[in-house]
Amino acid sequence: MDRIYMDHAATTPLDERVLEDMMPFLKENFGNPSSAHFFGREVRKALEKAREKMASLLGATPEEIYFTSGGTEADNLAIIGSARALRNRGNHIITTSVEHHAVLDTCLALKEEGFEVTVLPVDQYGMVDPNDVREAIQENTILLSVMYANNEVGTIQPVEEIGKIARENNILFHIDAVQSVGNLPVNVEKLSVDLLALSAHKFYGPKGVGLLFIKEGTGINHLTHGGGQERGKRAGTENIPGIIGMAKAMELAYSELEEFVPRMEALRDRLIHGCLEMEEVKLNGHPSQRLPGNVNVSFEYIEGEALLLSLDFKGVAASSGSACSSGSMNPSHVLLAAGMSEQTARGAIRLSLGRHNSMEEVDYVLQVIKESVDKLRSMSSIYQGKGER
Amino acid sequence: MDRIYMDHAATTPLDERVLEDMMPFLKENFGNPSSAHFFGREVRKALEKAREKMASLLGATPEEIYFTSGGTEADNLAIIGSARALRNRGNHIITTSVEHHAVLDTCLALKEEGFEVTVLPVDQYGMVDPNDVREAIQENTILLSVMYANNEVGTIQPVEEIGKIARENNILFHIDAVQSVGNLPVNVEKLSVDLLALSAHKFYGPKGVGLLFIKEGTGINHLTHGGGQERGKRAGTENIPGIIGMAKAMELAYSELEEFVPRMEALRDRLIHGCLEMEEVKLNGHPSQRLPGNVNVSFEYIEGEALLLSLDFKGVAASSGSACSSGSMNPSHVLLAAGMSEQTARGAIRLSLGRHNSMEEVDYVLQVIKESVDKLRSMSSIYQGKGER
Amino acid sequence: MYNEKVMEHFNNPRNAGDMENPDGVGEIGNVRCGDITKVFIKVNEQGIIEDIKFRTFGCGAAIASSSMLTEMVKGKHVDEAVKITDIEVADNLGGLPPQKLHCSNLAADALKAALKDYQDKQK
Amino acid sequence: MYNEKVMEHFNNPRNAGDMENPDGVGEIGNVRCGDITKVFIKVNEQGIIEDIKFRTFGCGAAIASSSMLTEMVKGKHVDEAVKITDIEVADNLGGLPPQKLHCSNLAADALKAALKDYQDKQK
Ligand SMILES: Cc1ncc(COP(=O)(O)O)c(C=O)c1O
Ligand SMILES: Cc1ncc(COP(=O)(O)O)c(C=O)c1O
């Protein structure tokens, strides 16, 4: 069997239809959109059309869309930019213990500038309790940042309810929706959100481009200085092919959502059930409120890293959680936040399904997982399984 | 005649050979380099190979290369990152009045954080005097930022000499070399530089990718928080196709430099002389120390914007200076810094030549310029030419 | 950036140039952008503007606005012409980019100055 | 991340498993990464390590290091075996990624514990 990719939460392949739309902008339409001449104007038109397309999919206006180099930059701009802009109103920020580092570390870094940060706990499924949000709000709270769906365990947060609480209390609400487009309906009106971050490569778009939705009337400071692009909010020559590709990828994600979700859920549930049939396995994340393609399971007595290595050797690409470049083997902060022991957290792997995965692949992967788990357990110093001593 | 592009300082078309190298990474090699599995490892290898290639071209080590989303981000990271890191050693920064906004505005923004900024003057050719640099240095000077070549008037600064002064005084030296690769030899050793910023789309590479050279041992603060990519200095999933393309573009820029420079200079000089043959025209920038493809001339009695419009109508794409997205018609800060009157500065246009321009095009453009200038002058309220009243 | 109508007026400006023995001359400079427009008018005994010319140092919008203004004014009575506003000039051009709107002032103001010059001379 | 030799040992670990009636057993846990390695040895009358087995809860590097260690030790005299260092284990594997170097401690330390257990039993 060919190599099987089940790490779509880390990144997705570029959709062929997206690449097709990008090609003219990698060839003849190369102008700088800031140039007043023909070459620039043609590109400016395409850029603004892409912005309109994405705005309308999100339920926003084009003026509310700001392109960035990815989800990380969008998250940073949202959090640092709004916190600094609102500094005179207050200095308290609320976020959760299961955020991606692009949000969590950004909030914590603001402590150095005199901000106070409350990091909300989650339940055993990695879910935030809206009541905890309500209770954490102080007089000086200016910003609340909660992810839509978790990248590691797939848990979908009650963001609509949390958004209402933010609005009632007149607090800016930022959503890291990087894992959501293509998997969930994302509409800024329904979500009562002021700031929302996306990254194209998570939904079959190109790497190196993302966007930040900034609700009209929300003043945020820009973080980089330069040519005044993106109405002064994000300086630097725009990644035009990237933005054009992102628009097409988003269009496809929205139009194919209805077909995609049940198909992923069927694969996901087969994979989850197959894993749970093995011994001493635990499903991480929420049993029902989870991303359609997310499987995250802990196998007791073995380390996830060793299991991944073994799967990789057999042509199966999975992950231990977030694709973090540090190479560190610290157990996932998300699993620890959900109350898991370090040892069990170490036994976690994530399989994230995507457009091209099939039922046959799921069945093959289940077989490979079983073999690998059995082998690793048989040599594990902490396993005392049947038939052993 | 086809449309003629003479705005290569704003952006360049992607070289076909560059696109060819990028294609596999826009298709099958889509993995996230932070992923430990096969798909990730393949991409990681390519990423590190690209880093090695660029490092060796620049005379640096791979560990000294940090990828960013472009020149603006690289400049911001260099300046803000190093200033903050050195805050305990001093709070004085020196830069010049002809820098790109990505440098100038960034330095000035640091005033809000308590930094003191000296903005050096330039001579009538837009050139910085090394003696002025020497004199501006104070006890508390920590950073000096000077561009290699000016994007508007093409003047090449005496960066080697300035670098020596920085080194003698133990001050960090940052060079904005965004306009240099492909036009000038760029070697970090020869330049005695600690920080150096590049942007791929200025040398026939893709938009949305750049790099910052950070000399080993130079501690700079990171500005965005997230997954710890680029050894903690620049968070966010890497723009892999962009980085691969940048490596190829840089390789071509270096290998073709010797052939490219005299060819551009010949075109440039014909264009300059042709313009200077018209009446009341002034060459902006340095007569000899200038980028091989840069032509910047002021036509008295007319506005550059109107002239560009007229050229555009006749299929010739040129620029009034920097491709700044603000749409403002303020006269160029570079020309004003060089001592030009506002009115003459308003009459400036920039023609920046590139790989595909030919002598025929230059001759055609000269003819078009002459016609347009004559026509605009004939209706100018401040022109009293021969044969007029 | 500019619409087709603006570009058409820019490329084929109406009534650009000088006028011998004008009945009124107005010149206005715009401090904001440094543009300068000059308007010359010839008015007949009925007070009808029979001929009008302009010269402009300025951007495309300033030139197109001048051209449009002269077209709007020609054949009008001075009492009507004086009522023409910069907004009407911009509207007749099908709109101007926001940062260029102030350029349409220039032409309208220069016309007013020319009309004042004409009236002063009548006294 | 890992070189081929490491991967080969990981995929085909030598001497993995249990041992009946070992002459020495050592178990070491690494607080830094939570890994635990157990080493069992069988020593003959000449002091030669005739057989060795390991069990490891840990990452690929920990498993490969354990496997390599057992290969290095088998047939050696206890006095020689006790001198084997984590660095030698990593070197014999052709190197480990920097953040994984500490994993090779585990196997070497577990062997030392097993040798101590054997010596204690001899007394
Ligand atoms: C939830 C979440 N937020 C933010 C990011 C950062 O996105 P990027 O790496 O594209 O900058 C990611 C992906 O890595 C993510 O999964
Ligand atoms: C000298 C100089 N520095 C910095 C930049 C910014 O580069 P980018 O727009 O690719 O971020 C440019 C180009 O716009 C430039 O010409």
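Protein chains get the first letters and strands the later ones, always in sequence-line order, with residue 1 at the start of each. Keep in mind the model is a prediction, meaning the values are calculated, not measured.
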Legend entry - Any donor-acceptor N or O pair under 3.5 Å, side chains C/S104, C/S65: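 Result is no, nothing qualifies.
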Inset, instruction - Would you kindly say whether B/Q367 and B/D363 are connected by a side-chain donor-acceptor distance under 3.5 Å? - result: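 The answer is no; no qualifying pair exists.
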Inset, instruction - Inspect the contact between B/R270 and B/E361 and indicate whether a charged nitrogen and a carboxylate oxygen are less than 4.0 angstrom apart. - result: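 Looking at B/E361 and B/R270, the cut-off is not met.
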Legend entry - Carboxylate-amine/guanidinium proximity below 4.0 Å for C/K38 and C/E27: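 Here C/K38 pairs with C/E27 in a salt bridge, since their nearest N and O are under 4.0 Å apart.
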Legend entry - Interface moiety of B/I302 toward chain C, non-hydrogen atoms closer than 4.5 Å: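 Backbone only.
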Legend entry - Side chain, backbone, both or neither of B/Y301 within contact of chain C (heavy atoms, under 4.5 Å):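 Contact with chain C is through the backbone of B/Y301 alone.
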Inset, instruction - Measure C/P97 against the heavy atoms of chain B and call it side chain, backbone, both or neither at under 4.5 Å. - result: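 Neither; nothing under 4.5 Å.
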Inset, instruction - Identify which part of C/I63 has an atom lying under 4.5 Å from any heavy atom of chain B, answering side chain, backbone, both or neither. - result: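 For C/I63, the side chain is the part near chain B, not the backbone.
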Legend entry - Top contributor to chain B contacts, counting heavy-atom pairs under 4.5 Å, from C/T37, C/I36, C/N11: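 If we count pairs closer than 4.5 Å to chain B, C/N11 comes out on top.
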Inset, instruction - Check the pair C/K53, C/D18 against salt bridge (charged side-chain N to carboxylate O under 4.0 Å, His left out), reporting the backbone distance first and the verdict last. - result: CA-CA 6 Å; C/K53 293 270 182 198; C/D18 292 310; over 6 Å; no
